[in-house]
2 protein chains.
Amino acid sequence: MYAPSEAARRSGFSLDTLRYYEKIGLLSGVGRTSGGRRVFTDDDLGWLVLFRCLRDTGMPIAQMCRYAELAREGEHTAAERKALLEEHAARVEEQMRLLQRQYDHLREKIRYYETVTGPAEATALP
Amino acid sequence: MYAPSEAARRSGFSLDTLRYYEKIGLLSGVGRTSGGRRVFTDDDLGWLVLFRCLRDTGMPIAQMCRYAELAREGEHTAAERKALLEEHAARVEEQMRLLQRQYDHLREKIRYYETVTGPAEATALP
DNA sequence: GCTTGACCTGGAGCGCGCTCCAGGTTGAAG
DNA sequence: CTTCAACCTGGAGCGCGCTCCAGGTCAAGC
């Protein structure tokens, strides 16, 4: 059982983001105290950790909603959920390859500056 | 010398984006035909390739503008430009580490689905 | 009992990076 | 000479993912 601020701290999402996720139905069934305050369970935290993972890897919120919805529908959607994650993982792999490639370009550019940063340089560059 | 559509094709930016980059001063000194149409040189293309690299690695446009401005100021800013790229490269490294870590989580999640996707499954998951 | 800070809701607003549109011009091909 | 696709400009609009705000409620500590 975690207070909102604690849930925020542990998940790395802001309070506003937690409320937002609930509002759009991404996070559902979050409990309340008698006074109306949110109470996050370990289960909720598990979801938040997953969302953190998916967001950090660039999944759009709409797709996370789809996943969450499937999970709510029950176990018979497990295969579809798995497929969704696998497709995403493939996109992430592509993303990692691109990032690596462009990182290498960047490093080469920097290396180029190193050859040029003696006295008597000469270039207008990109 | 490239027509706008050719420059777009080669750089991977849309025509609108090329115009936008010029409008905000990121790309400057793009030539025109007598009739007012853009003409991109190999130099311009070089810039676009660099911008592609920086965008793909997540640099904000404001920072690319800063870089371009420095380059326009002349060779005496080379050290500062290099520093800018190095700081960016460091951020990219961090980004790659995070991406890798979350990708591993994702893979583990998928592997978990594999253990569960026999008959007689049992989980409400995240 | 009172204070104070964490929390609530509904809804507006924002920053980014484009993207689209209207209305007009250009220029190569037929 | 006509056509038509590619291009021009200025400016509005958009999709995303939050973030902020007003105005109020709750509850732990003194």
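Quick note: numbers below take in every heavy atom, side chains included, and nothing from hydrogens, waters or symmetry partners. A note on names: the letters A, B, ... follow the listed sequences, proteins ahead of strands, and every chain is numbered from 1.
Look at CZ on B:R38: it is 14 Å from P on C:dG27, rounded to the nearest Å. Between A:D56 atom CG and D:dC18 atom P the separation is 10 Å, expressed in whole Å. Taking atom CG of A:D16 as the reference point, atom P of D:dA22 lies 14 Å away to the nearest angstrom. Rounded to whole Å, atom C1' of C:dC16 lies 14 Å from atom CD of B:Q63. Taking atom CD1 of A:I24 as the reference point, atom C1' of C:dG10 lies 16 Å away to the nearest angstrom. The CE atom of A:M59 sits 14 Å away from the P atom of D:dC18 (whole-angstrom rounding). Nucleotide D:dC7 holds its C1' atom 15 Å from the CD atom of B:E6, rounded to whole Å. Between A:Y21 atom OH and D:dG17 atom C1' the separation is 7 Å, expressed in whole Å.
Applying the 4.0 Å criterion to OP1 and OP2 of C:dT9, one finds that A:R19 has every side-chain N and O outside that range. Between C:dG27 and B:T33, a contact under 4.0 Å exists linking OP1 or OP2 to a side-chain N or O. For the OP1/OP2 pair of D:dT19 and a distance below 4.0 Å, the side-chain nitrogens and oxygens of A:S14 include at least one atom meeting the criterion. For D:dT19, the OP1/OP2 oxygens have a side-chain nitrogen or oxygen of A:T17 closer than 4.0 Å.
Without hydrogens or angle criteria, A:T77 side chain to A:E73 main chain gives no donor-acceptor distance under 3.5 Å. Judged by distance alone, with hydrogens and angles left aside, the side-chain atoms of B:S11 form a donor-acceptor pair with the main-chain N or O of B:A7 at under 3.5 Å. Between the side chain of A:R38 and the backbone N or O of A:V30, no donor-acceptor pair lies under 3.5 Å. Remark: the backbone N or O of A:M59 is paired with a side-chain donor or acceptor of A:R55 at under 3.5 angstrom.
The side chain of A:K23 sits closest to C:dG10 out of C:dG10, C:dC18, D:dG11. With D:dC7, C:dC20, D:dC18 as the choices, the nucleotide that has an atom nearest any side-chain atom of A:Y20 turns out to be D:dC18. Which of D:dG17, C:dC8, D:dC8 sits closest to the side chain of A:R32 comes down to C:dC8.
The residue A:A3 sits close only to the backbone: its heavy atoms come under 4.0 Å of sugar-phosphate atoms, none of a base. Using a 4.0 Å heavy-atom criterion, one finds that A:F13 contacts no nucleic acid atom at all.
Along DNA chain C, the nucleotide closest to B:M64 and the one closest to B:G35 are compared, and the more 5′ of them pairs with B:M64.
Contact of A:R37 with D:dA27 (side chain to base): no donor-acceptor pair of N or O atoms is detected under 3.5 Å.
For the pair B:R52 and B:F13, the cation-pi criterion (under 6.0 Å, within 45° of the ring axis) is fulfilled.
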